[in-house]
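Below: the structure, in structure tokens.
To find a chain, count down the sequence lines: A is the first, B the second, and so on, and within it residues start at 1.
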Amino acid sequence: MKIQDVLEKKVTEGIHTLYSVTLPNVEFQPTRKDFEGDITVVVFPMLRHVKGTPVQIGEQVGAYLEKELDIVIGFNVVKGFLNIIISDAFYIDLFRDIRENKTFGIVPQSDDAILVEYSSPNTNKPLHLGHIRNNLLGYSVAEILKASGKKVYKTQIINDRGIHICKSMLAWQRFGNGETPKSTGLKGDKLVGNYYVAFDKAYKVEVAAMIDVGTDKKVAEKEAPILLEAQQMLLKWEAGDEAVVALWKKMNGWVYEGFETTYKNLGVDFDSYLYESDTYLLGKDVVADGIKNGVFHKKEDGSVWIDLTAEGLDEKIVLRSDGTAVYMTQDIGTAIQRVKDHEDINGMVYTVGNEQDYHFKVLFLILKKLGFTWADKLYHLSYGMVDLPSGKMKSREGTVVDADDLMEDMTKTARAISEELGKLENYSDIEKQSLYKMIGLGALKYYILKVDPKKRILFNPEESVDFQGNTGPFIQYTYARIQSILRKAKDTKIEWQNELKITGLHPKEKELIKQLQVFPDTIQLAAENYSPAVIANYTYDLVREFNSLYQQVSILGETDEEKKVLRVQLSQKVGEVIQSAFGLLGVAVPERM
RNA sequence: GGUGGCAUAGCUCAGCUGGAUAGAGCACCUGCCUUCUAAGCAGGCGGUCCUAGGUUCGAAUCCUAGUGCCAUCACCA
């Protein structure tokens, strides 16, 4: 039983005994560091029910608790705060339980299943820093939900069709000279991305030339020959033209290969994929049904709309007048398809940037109006943009931070720092390389995930991501130090797996146990809020607490055998929790660094 | 213009359902490596919590209005 539950019961009982009043609830908070005590009862809210001054009530309740409970060994009252001192024995018992629990904080998987969508890129250009945030968030939230007891399916929908990929295809046909990833040594997504840029360049030249000979700018932008040709290509694709489809398949294939490499390096994975080329027609049937049911209405020109003005939104198009699908149509179809594919799911999470807040608001509302009861279980995991000091990233202007390059840079930075510190003498080059990557990626992932998802991130490529303080490497470093202790403990044959016989705690040890104790609640909180930042901040606090102990007392040098055993056990458990928490963030931890 | 989000130390961020003197990191300054890894620890400096009202015993937190930044409101994605 949790200490809070025990105390709540006793406080309520005490108030009832002392004042014959039944409290609806009792408010607790951790005792501030500047006061003596472990947990604090806030007396102010009781004043509504009990007559008296906060200090009086606090004193009486404190005395009652001390008399009634063995674990309460003292108290003090400051203004309206009753600070309770809990016995070391309680925390030692608590730690015994925590230590024995090999999956501490992790709730066993239930049948409550949920689908998490993330990444979902277009296939005309490589992944960039914005995608990295999306991928890290989606992956981490999926892992957190899993740890909170849910069954999780990770998925993505790939936007593989449309005018954008046709542009790359056309440019490749024209300027490509048959280049392939193999012939150029380029990653497939990079190669295709280059042609997307090449298209834009050629397009701009054409537009400028037309304007020079007197064409109106707007007309030129709409009628540049290369653009018209790309649109022709899209029509051919939709008509199933063999040559176009073959080219489309070939170039998309290159892109997928490139993406896979990036995902692998980033350490994210998926249980399933959907392609828009497979699903873009699905929504149309639903729209047709919706017209019959009166959810949608057709205008004279043939376009189909939904009126959401009653809900405070506006009219939204769901089908163009030429009968082709818009994004909304596809998303309706995709959602329905997913529910069909996963009969056990009880909710879906869409990891998509906050620029699409409105889109998802409308999508969920439409699905609800269509009568799908599961529409209430959809959640848009909306996150802020990653901006550069110069503003928004724009792929056509070459201001994007490329995902692969960034990971490579982080690895290089990790190498430079490691070499300077020179702690890896007997590591092989391969071991070193994998460690540099682990640290570099750790820095990057933590840097992005520690920020509340809904806040935008300002990323300055000039100032490299930190490796000190509240950072991934700092936490990895602590983990490595712990492993070093455990290796030595093993070597020196300390009987540290034995049952604890200790009766008293160092204040730092107590603080550490308190911090360990809240790990399970932290996972639940992170899951409820879809926020890896909650996990990141928790881990940082835990690690700070451990380092403080580490510097203040000797662990293996402790002469009292029982104290030594406790400290080694504490170290081990802290290490396990770091590994577990970082696992939820998708960050690996090293044996040494 | 309508709607939504954000605003906390020079910079980057915490601050749980309202609770004590608003916390970390970076940067700057001062100590600490013959003893478990100094990517560390201990301490110092640094705040009109955007502004003005309101609710409350109590507001960074909740409500209202305003300011600033961002997004969105297209037969775009």
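- With a cut-off of 3.5 Å on both Watson-Crick or G-U wobble distances, the partner of B:C13 is given as B:G23.
- You won't find any donor-acceptor pair under 3.5 Å spanning the side chain of A:T478 and the base of B:A39, going by distance alone.
- Contact check on A:R32 versus A:D34 returns a salt bridge, with a Lys/Arg side-chain nitrogen under 4.0 Å from an Asp/Glu carboxylate oxygen.
- Across all strands shown, B:C62 pairs with B:G54; the Watson-Crick or G-U wobble distances both stay below 3.5 Å.
- Here A:D452 lies in heavy-atom contact (under 4.0 Å) with sugar-phosphate atoms only.
- Counting any heavy atom pair closer than 4.0 Å across all strands shown, A:P54 reaches no nucleic acid atom.
- A close approach under 4.0 Å does occur between a side-chain nitrogen or oxygen of A:Y477 and OP1 or OP2 of B:A39.
- Stacking between A:F474 and B:A39 is absent: the ring centroid is not both under 5.5 Å from the six-membered base ring centre and under 30° in plane angle.
- Separation of the A:Y350 and A:F364 ring centroids falls under the 6.0 Å cut-off.
- Donor-acceptor pairing under 3.5 Å, judged by distance alone, is absent between the side chain of A:S548 and the base of B:A42.
- Contact annotation: A:R456 does not reach the phosphate of B:U12 (side-chain N/O to OP1 or OP2, under 4.0 Å).
- Here the separation of B:A22 from B:A9, taken at their P atoms, is 14 Å to the nearest Å.
- Within 4.0 Å (heavy atoms only), A:N25 reaches no atom of the nucleic acid at all.
- Between B:C28 and B:U64, the distance separating the two P atoms is 44 Å to the nearest Å.
- For A:R592, taking side-chain heavy atoms from C-beta onward, the closest of the listed nucleotides B:U72, B:U37, B:A39 is B:U37.
- In the set B:C36, B:A39, B:C13, B:A39 carries the atom at the smallest distance from any side-chain atom of A:F467.
- Each of A:K508, A:K514, A:Q515 was checked for a side-chain hydrogen bond (donor to acceptor under 3.5 Å, both in side chains) with A:E511, and the lone residue meeting it is A:K514.
- Side-chain contact check for A:Y383 and A:N134: at least one donor-acceptor pair (N or O, by modelled atom type) lies under 3.5 Å.
- Residue A:Y540 is classed as a sugar-phosphate contact, given heavy-atom separations below 4.0 Å to backbone atoms only.
- Remark: ring of A:F35 overlaps the six-membered base ring of B:A20 in a stacked fashion, centroids less than 5.5 Å apart, planes less than 30° apart.
- If you check B:A20, B:C26, B:G19 against the side chain of A:D466, the one that comes closest is B:C26.
- For A:L458, counting side-chain heavy atoms from C-beta on, the closest listed nucleotide (B:A24, B:U12, B:C76) is B:U12.
- Within the nucleic acid shown, A:E27 comes within 4.0 Å of at least one base atom, counting heavy atoms only.
- Counting non-hydrogen atoms under 4.0 angstrom, A:N159 reaches the backbone sugars and phosphates but no base.
- Backbone-only contact: A:I485 has heavy atoms under 4.0 Å from sugar-phosphate atoms and none from a base.
- Side-chain atoms of A:D34 lie closest to B:U21 of the nucleotides B:C26, B:C41, B:U21.
- Here A:T471 lies out of heavy-atom contact (under 4.0 Å) with every strand.
- Base pairing of B:G1: its partner is B:C73, meeting the Watson-Crick or G-U wobble criterion (both donor-acceptor distances under 3.5 Å).
- A:N547 contributes no side-chain N or O that forms a donor-acceptor pair with the base of B:A39 under 3.5 Å.
- Among the nucleotides B:U56, B:C73, B:A77, the one closest to any side-chain atom of A:D314 is B:C73.
- At B:U12, none of the side-chain N or O atoms of A:K450 fall inside 4.0 Å of OP1 or OP2 (strictly under the cut-off).
- Picking from B:G58, B:G4, B:A77 the nucleotide with the shortest atom distance to the side chain of A:K361 gives B:G4.
- Phosphate contact (OP1/OP2 of B:A38, side-chain N/O of A:R481, threshold under 4.0 Å): present.
- Under the Watson-Crick and G-U wobble criteria, each requiring two contacts below 3.5 Å, nucleotide B:C36 is left unpaired.
- Picking from B:A20, B:A39, B:U72 the nucleotide with the shortest atom distance to the side chain of A:E355 gives B:U72.
- Within a 6.0 Å sphere centred on NZ of A:K222, heavy atoms belonging to other residues, nucleotides or ligands number 12 at most.
- The A:L556 side chain lies nearest to B:C36 when the options are B:A39, B:C36, B:G4.
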Handout entry: Stepwise side-chain contact (heavy atoms from CB on, under 4.5 Å) check, A:L549 with A:E509
Key = CA-CA 7 Å; A:L549 173 83; A:E509 293 165 349; 3.8 Å; yes

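- Using a 4.0 Å heavy-atom criterion, one finds that A:K423 contacts the bases of the nucleic acid, with or without backbone contacts as well.
- Mapped onto RNA chain B by nearest heavy atom, A:A325 and A:Y550 fall at different nucleotides, with A:Y550 at the one closer to the 5' end.
- At the heavy-atom level, A:V77 lies nowhere under 4.0 Å from the strands shown.
- Note on A:M593: a base of the nucleic acid sits closer than 4.0 angstrom, heavy atoms only.
- When the P atom is used for both B:C16 and B:C11, the distance is 22 Å, rounded to whole Å.
- As the counterpart of B:U30, B:A42 is assigned, both hydrogen-bonding distances of the Watson-Crick or G-U wobble pattern falling under 3.5 Å.
- Inter-residue side-chain proximity for A:L424 and A:L435 is flagged as met; some heavy-atom pair is nearer than 4.5 Å.
- Within the 4.0 Å cut-off from OP1 or OP2 of B:A20, at least one side-chain nitrogen or oxygen of A:R32 is found.
- Phosphate contact (OP1/OP2 of B:C36, side-chain N/O of A:K564, threshold under 4.0 Å): absent.
- A glycosidic torsion no more than 90° from 0 defines the syn conformation; B:C11 lies beyond that range and is anti.
- Using atom P as the reference point in both B:U51 and B:A7, the two lie 13 Å apart (nearest Å).
- Comparing the C1' positions of B:G19 and B:C32 gives an interatomic distance of 37 Å, to the nearest angstrom.
- For the pair A:R481 and A:Y550, the distance from NZ or CZ to the six-membered ring centre is under 6.0 Å and the angle to the ring normal is within 45 degrees.
- Comparing B:C16, B:G25, B:A20 by their closest approach to the side chain of A:N470 singles out B:G25.
- Side-chain contact check for A:I448 versus A:L129: some heavy-atom pair is nearer than 4.5 Å.
- The residue among A:F81 and A:I417 whose nearest nucleotide of RNA chain B is located toward the 5' end is A:F81.
- Among the protein residues, A:L313 comes within range of no part of the nucleic acid, since none of its heavy atoms lies under 4.0 Å from any strand.
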